[in-house]
Every structure is written in C-alpha cells, then in structure tokens.
**Q** 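Let me begin by handing over the structure; questions about it come next.
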Amino acid sequence: DYVEEMSRRHEADTVRTIRMAKQYIQNHYSEPITQEEVSGAVGLSAAYFSALFKRVEGEGFAKYLIGVRMEQAKALLRETNIPVSKICQQVGYNDLKHFTRTFEKATGVKPTVYRKMYGEERFGMKEEYHLKYISNRVLLIGAITFFYFVEEAVRNVLLGIHGEETVLRAGFYVVVA
C-alpha cells in the first residue's frame, strides 16, 4: 500500500545518502573534514545527518572517520616503507603524537610496532632471504629464522631449487604442505 511504499522509498533514500557520505569520507579522509562538511555535501543539516549516520552505521561520524583513517594507516604501514610521520599526514592527522595515541587505541600497538609485526619485511617480501636445506627442513636465514617441514616435490617446484641454497625474492609465496 501507499504508506509501505513511501516507507521503503524513504529507507532507500536514507541508505543512498549515507552511502554517498561514506564515499565522500573515503575520498577526503586525508583532509581535515568535518561532520558539517560531509552533511552539507549530501544535502542534510548537521544534526539530522549525525542522527541518521549513527542509526544506519551503528557508530557516530567521528568514530567512523577515525576507523577509515586507521585502516588506511594500517595498510600503508603494512605495504610501504613511508615514514610514520608522513603516514600520519597522509591519513589526515597533523600531530604525530595524537596520531600515535589514536592508532594505539585502535590497534593496541604503536604504529612502529604494527609495522614490525605486519609489514612486508616480516614476510620476506622486500628483502632477499637465503634458504639452506637440511634434510626435509628448510632453514630460512634472515631477520627471523623459521623451520618448516616441506615435501621434496613442493620444495623443488615452488622454491625453484638449484643446488643446496637458493634465494626467496619478493613476490614469491611458499605453500607449506
């Protein structure tokens, strides 16, 4: 009936408006954006936008924006060697101390610790590691030493063994059987 149809349309408009707001945030998170700016971009008053955003997303605008910025910071820490001070600026923070506190609150660790734990260097993606084979165990000589049980065929095919020692370069993934 008419009331149900109007209710569905209103809900669709609401979801579309919040989707537009989220897209605006994704495009501008590196800038000092405000709730007023985003609400204006989607054509709503700041107060109505605030209530609507929280109802649809389950969290307020500020918390959502911090989440977007922290996810971007985590990706940059994992995938690049950009200094933390530059990442801080790239994700919309001007104060390194504030960024570090916010990052630690969101993840439980400081940005430098996060990079050490999850950065590509941890997995041998940036550096070269020499592999030495001892029986059916592979000793990875590098920043961290690992022992893996690897079947002969997997070792030969996936690691491209040429003699007793080889090099694992960036971009290679090792499947351990």
**Q** I'd like to check Y114 versus E104 (side-chain heavy atoms, cut-off strictly below 4.5 Å). Are they in contact?
**A**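 No; the side chains remain at least 4.5 Å from each other.
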**Q** Where do Q72 and Q26 land on the side-chain contact (heavy atoms from CB on, under 4.5 Å) test, with the steps shown first?
**A** CA-CA 10 Å; Q72 294 299 324; Q26 283 295 327; 3.9 Å; yes
**Q** Roughly how far, to the nearest 0.5 Å, is CD of Q89 from CG of D95?
**A**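 Here the rounded value is 11.0 Å.
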**Q** When the ring planes of F61 and F53 are compared, do they come out parallel, tilted or perpendicular, using 30° and 60° as the limits?
**A** perpendicular
**Q** Check whether any side-chain heavy atom of T102 sits under 4.5 Å from a side-chain heavy atom of M70, and report yes or no.
**A**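 Yes - at least one pair of side-chain heavy atoms lies under 4.5 Å apart.
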**Q** Of the non-hydrogen atoms in I87 and I82, which two are nearest, and what is the gap between them?
**A**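 Heavy-atom minimum between the residues: CD1-O, 3.5 Å.
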**Q** Donor-acceptor check, side chain of R115 to backbone of L77, threshold 3.5 angstrom: yes or no?
**A** yes
**Q** Any side-chain heavy atom of Y64 within less than 4.5 Å of one from I25?
**A**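 They are in contact (side-chain heavy atoms under 4.5 Å apart), so the answer is yes.
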**Q** Taking all non-hydrogen atoms of both residues into account, name the closest pair between S39 and S45 and its distance.
**A** CB-O, 3.9 Å
**Q** Ignoring hydrogens, what is the shortest heavy-atom contact between P32 and E37? Give both atom names and the distance.
**A** O-OE1, 4.2 Å
**Q** Contact between I66 and K105 at the side-chain level, heavy atoms closer than 4.5 Å - yes or no?
**A** no
**Q** Output yes when E71 and K74 qualify as a salt bridge under the 4.0 Å nitrogen-oxygen rule, no when they do not.
**A** yes
**Q** Heavy atoms, side chains only, cut-off 4.5 Å: are F103 and T112 in contact?
**A** no
**Q** Distance from R55 atom CZ to I18 atom CD1, nearest 0.5 Å?
**A** 8.5 Å
**Q** I'd like to check V38 versus F49 (side-chain heavy atoms, cut-off strictly below 4.5 Å). Are they in contact?
**A**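 V38 reaches F49 side chain to side chain.
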**Q** Sub-3.5 Å donor-acceptor pair from the side chain of R69 to the main-chain atoms of Q90, do we have one?
**A**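 Checking the backbone N and O of Q90 against the side chain of R69, no donor-acceptor pair under 3.5 Å is found.
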**Q** Just verifying a value: how many Å separate R19 CZ and K22 NZ, rounded to the nearest 0.5 Å?
**A** 9.0 Å
**Q** So which atom in P111 and which in T100 form the shortest heavy-atom distance, rounded to 0.1 Å?
**A**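 Smallest heavy-atom distance, with atoms named: CD-CG2, 3.8 Å.
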**Q** Rounded to the nearest 0.5 Å, what separates atom OG1 in T17 from atom CG in L44?
**A**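 The CG atom of L44 is 5.5 Å from OG1 of T17, to the nearest 0.5 Å.
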